There are 2 protein chains.
Amino acid sequence: MTSTEPRGAQPGAQPEGSAPTGPAVVRPTRQRIAVAEAMASFDDFRSAQEIHDLLGQRGERVGLATVYRSLQRMVEGGEVDLLRTEDGEAIYRRCSDTHHHHLVCRSCGATVEVEGPAVERWTRAMAEEHGFADVSHTLEIFGTCPACR
Amino acid sequence: MTSTEPRGAQPGAQPEGSAPTGPAVVRPTRQRIAVAEAMASFDDFRSAQEIHDLLGQRGERVGLATVYRSLQRMVEGGEVDLLRTEDGEAIYRRCSDTHHHHLVCRSCGATVEVEGPAVERWTRAMAEEHGFADVSHTLEIFGTCPACR
DNA sequence: CAAGGGAATGAGAATCGTTGTCAACTCAGG
DNA sequence: CCTGAGTTGACAACGATTCTCATTCCCTTG
C-alpha cells in the first residue's frame, strides 16, 4: 500500500444495511474475476480506462462503471495500489501486501517498489511532534529509468 | 516546494520576435494581484473554487478561468504549492521557497510545513540505486490535528 | 431444485473540476 | 491617439468518475 490507511473514506458514503461496516460480502462475479486477472497481467500503473480497454482486448465485456467499482473495492481491500498522476488521474497497480512506496518512470511508467523503515519512522515522529493522530502518508518518487535515458 | 523539481517548467521561453510560443512577460493585472493577495490571506490548502469564492467575498470580481490561470502561473513560478486531495482535486497554498513537505489535517485542512533532510537523502539514494535520473518526489502526511480531535 | 432477496451489473445520464475558445479589453509604447 | 501582444470573462467543451435504476446474477433457504 502506498497509504497507511484506507482511501476514499467519505462520511456516510455507503448505505448501512444489515452489515455493520459496508458490504459484508464481495461476490466473485465473472466481472470481478476478469478485472483481477487483468490486474495480474501487467506491472506498471494504469488508469481505469486503460484497464477497461485491456479487458475489451481480452474479449471480456465489462462495463466501465464496473471496472471503477471493482478497482475501488480492490483498493479498499489493499489488493491494489492507487496513486495520482500529476494531473490528478487515478492509476492502479496490483501490489504486495507490505507497506511500500514507488519509484515511477515518468516516460515509460515502469515502477519499482521501495521500502523505507526510516521514512515510516520519520513521518510518524513528525506527526507525533505536532500532535496529529490517525496518520497516513503518501510518498512517490518520479524519475527517468535507466532504459529511457 | 513539495516537489524537488519545478512543475511544468518549459525551457526556452524567451521572446523570439513573433514566435507564438508562450508569453514572455507576466503583466501585473488587477486580477493577478487580487489572487496573490487572496493567497496571502490564509494558511491552509484551498481549492481553486474556494479561492474564487474568497475573491468574491472580498468584492473582487475575477473569472474562475482567470483564477485557474493565475494559480497555474504561480505554481510554475514556485510561489505557490500545489497538491492533490485523495479524490484528485487540486489544492493550493502559498509556500516558502525552501523545499519542504506538509502535514495536513484531514478534517480542517490546517497544515504544517516540515522539512526532512533525511528523507531527501533517502529518496535520492533510492533513485540512484535503481539508476533513475531527474528525480523528484512528493511526500504528504495526512492526519487529524490536535484541535480536531 | 425452485424461489426469493439482496448484491452486482451495464448503459447512459449526471457531476464536477479543469481547460479551451474567442471576442472584447487593457495598456505600454511609438 | 493608434497599435498589438497579453489578458480577461462568459461559456462551451472535456474527461474522469460517480450516480441512477431497471435488469441480471449469486447464494441461501425451503
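Residue numbering restarts at 1 for every chain, and letters A, B, ... go by the order of the sequence lines. Keep in mind that what you see is a predicted model, and the values were worked out from it rather than measured.
Side-chain proximity of A:Arg84 to the nucleotides D:dT17, C:dG17, C:dT21 is greatest for D:dT17. Here the side chain of A:Arg27 is nearest to one of C:dT18, D:dA16, C:dA8, namely C:dA8. Nearest nucleotide to the A:Arg69 side chain, out of C:dG17, D:dG6, C:dT9: C:dT9. Proximity note for A:Ala65 (side chain, C-beta onward) versus C:dG12, C:dG20, C:dG17: the nearest is C:dG12.
Considering only side-chain N and O atoms, A:Tyr68 lies nowhere under 4.0 angstrom from the phosphate OP1 or OP2 of D:dT18. Of the side-chain N and O atoms in A:Gln31, one or more sit less than 4.0 angstrom from OP1 or OP2 of C:dG10. One finds a side-chain N or O of A:Thr29 lying less than 4.0 angstrom from the OP1 or OP2 phosphate oxygen of C:dT9. Of the side-chain N and O atoms in A:Arg30, none sit less than 4.0 angstrom from OP1 or OP2 of D:dT24. Residue A:Gln72 has a polar side-chain atom (N or O) positioned under 4.0 Å from OP1 or OP2 of D:dT18. For A:Gln49 and D:dA16, the shortest distance from a side-chain N or O to OP1 or OP2 is below 4.0 Å. When the side-chain nitrogen and oxygen atoms of A:Arg32 are compared with OP1 and OP2 of C:dT9, one or more of them lie within a distance under 4.0 Å.
Here the P atom of nucleotide D:dG9 and the CD atom of B:Glu60 are 10 Å apart, to the nearest Å. What separates CG of B:Leu82 from P of C:dG17 is a distance of 15 Å, to the nearest Å. Following rounding to the nearest Å, B:Ile33 (CD1) and D:dG6 (P) show an atom-to-atom distance of 19 Å. When the P atom of D:dT8 is taken as reference, atom CG of B:Leu55 falls 12 Å away, rounded to whole Å. Atom-to-atom, CD of A:Glu76 to P of D:dT18 comes out at 10 Å; the value is rounded to the nearest Å. Rounded to an integer number of Å, the gap from CZ of B:Arg61 to C1' of D:dT7 is 16 Å. We find that CG of B:Leu71 is positioned 9 Å from P of C:dT18, with the value rounded to whole Å. Going from atom CD of A:Glu50 over to atom C1' of D:dG15 covers 14 Å, rounded to whole Å.
With contacts defined as side-chain heavy-atom distances shorter than 4.5 Å, the pair A:Arg94/A:Asp43 qualifies.
A donor-acceptor pair under 3.5 Å links the side-chain atoms of A:Arg32 to the main chain of A:Arg27, judged by distance alone.
With hydrogens and angles left out, the side-chain atoms of B:Thr144 and B:Arg106 include no donor and acceptor closer than 3.5 Å.
The aromatic ring centroids of B:His101 and B:His137 lie less than 6.0 Å from each other.
Ion pairing of A:Arg93 with A:Glu113 is present here, as a side-chain N (NZ or NE/NH1/NH2) and a carboxylate O approach within less than 4.0 Å.
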